[in-house]
Participant: 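Got a structure here, written out as structure tokens. Questions coming.
For clarity, every value in this text was computed on a predicted model and none was experimentally measured.
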Amino acid sequence: MKEGVFKFKYKNLEQIMTVLSRWYNVQVIYEDENLKEVKFNGQLRKDQELKDILELFKNTNFITNYEVKNNVVILK
């Protein structure tokens, strides 16, 4: 991890969300267990809002939607 940036190379969504859940202090729930295995590459700025990051994932079309309630993120 570079300062201020999360870098992910061939990481699955579960691995990425584990890191993000710690950083943003949220719990993650997967409505579809298959989402956990979707692989991603890229980097995210640590100063981004969590909702902005979730929108990026949604734009990949693997995640059809998400919901944030209190400190729980539900990936759909």
Side-chain angles (χ1 to χ4, degrees):
M1 248 183 297
K2 264 189 168 178
E3 194 175 311
V5 176
F6 295 113
K7 282 192 172 187
F8 300 105
K9 217 175 200 181
Y10 305 110
K11 298 290 183 193
N12 65 35
L13 186 59
E14 185 175 32
Q15 293 169 308
I16 294 169
M17 292 309 294
T18 297
V19 171
L20 296 179
S21 68
R22 290 183 192 131
W23 184 256
Y24 291 99
N25 192 30
V26 295
Q27 177 189 356
V28 180
I29 296 172
Y30 301 86
E31 280 196 355
D32 179 354
E33 291 291 313
N34 293 323
L35 289 176
K36 292 181 178 182
E37 297 308 316
V38 177
K39 301 251 191 274
F40 289 96
N41 290 310
Q43 63 182 40
L44 302 167
R45 291 188 337 268
K46 290 183 177 181
D47 63 355
Q48 282 180 280
E49 294 285 327
L50 179 57
K51 287 186 180 190
D52 294 338
I53 292 172
L54 294 172
E55 279 297 318
L56 290 172
F57 287 132
K58 185 178 167 190
N59 289 339
T60 65
N61 294 323
F62 288 107
I63 297 170
T64 56
N65 210 347
Y66 64 87
E67 199 174 324
V68 180
K69 289 183 185 174
N70 301 317
N71 286 353
V72 179
V73 174
I74 303 167
L75 299 176
K76 304 177 181 188

Participant: Return each pair, listed once, that meets salt bridge (Lys or Arg N to Asp or Glu O under 4.0 Å) where at least one residue sits in residues 51-66; pairs must be two or more places apart or across chains.
Facilitator: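 Output for this query is empty, none listed.
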
Participant: Find the distance between CG (N12) and CE (M17) and round it off to the nearest 0.5 Å.
Facilitator: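 Rounded to the nearest 0.5 Å, the CG-CE separation comes out at 12.0 Å.
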
Participant: Shared ILVMFWY cluster between I29 and L13, side chains joined below 4.5 angstrom?
Facilitator: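 In one cluster with I29: L13, no.
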
Participant: Say you draw a straight line from NZ of K46 to CG of L44; how long is it, rounded to the nearest 0.5 Å?
Facilitator: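 So the gap between those two atoms works out to 11.0 Å.
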
Participant: Supply the atom-to-atom distance W23 CH2 to Q48 CD, rounded to the nearest 0.5 angstrom.
Facilitator: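 The distance works out to 12.0 Å.
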
Participant: In chain order, what residues pass the salt bridge (Lys or Arg N to Asp or Glu O under 4.0 Å) check against K36, with sequence neighbours excluded?
Facilitator: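 Partners of K36 by the salt bridge (Lys or Arg N to Asp or Glu O under 4.0 Å) criterion, ordered by chain and then number, come out as E14, E33.
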
Participant: Ignoring hydrogens and angles, tell me if any N or O in the side chain of N41 forms a donor-acceptor pair with the backbone of Y10 under 3.5 Å.
Facilitator: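 Pair found, side chain donor or acceptor close to backbone of Y10.
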
Participant: What's the spacing between K9 NZ and K39 NZ if we round to 0.5 Å?
Facilitator: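 Going from the NZ atom of K9 to the NZ atom of K39 covers 15.0 Å.
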
Participant: Can you tell me how far the CG atom of L35 sits from the CZ atom of F57, to the nearest 0.5 Å?
Facilitator: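 The CG atom of L35 sits 11.0 Å away from the CZ atom of F57.
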
Participant: Can you list the residues that meet the salt bridge (Lys or Arg N to Asp or Glu O under 4.0 Å) rule with R22, with sequence neighbours excluded?
Facilitator: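 Here no residue qualifies.
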
Participant: Show me the donor-acceptor pairs, under 3.5 Å and distance only, between side chains in residues 69-76 and residues at least two apart or in other chains.
Facilitator:
from, atom 1, to, atom 2, distance (Å)
K69, NZ, E67, OE2, 3.1
K76, NZ, E67, OE1, 2.7

Participant: Do K11's NZ or CZ and the ring of F40 fall within the cation-pi criteria of under 6.0 Å and 45°?
Facilitator: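 Here K11 fails the 6.0 Å and 45° test against F40.
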
Participant: Tell me, please, which residues at least two apart from N34 pass side chain to side chain donor-acceptor pair (under 3.5 Å).
Facilitator: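 Applying side chain to side chain donor-acceptor pair (under 3.5 Å) to N34 gives D32.
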
Participant: Taking ring pair (Phe, Tyr, Trp, His ring centres under 6.0 Å) as the definition, give me every residue that meets it alongside F8, ordered by chain and number, with sequence neighbours left out.
Facilitator: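 If we apply the ring pair (Phe, Tyr, Trp, His ring centres under 6.0 Å) test to F8, skipping adjacent residues, there are no hits.
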
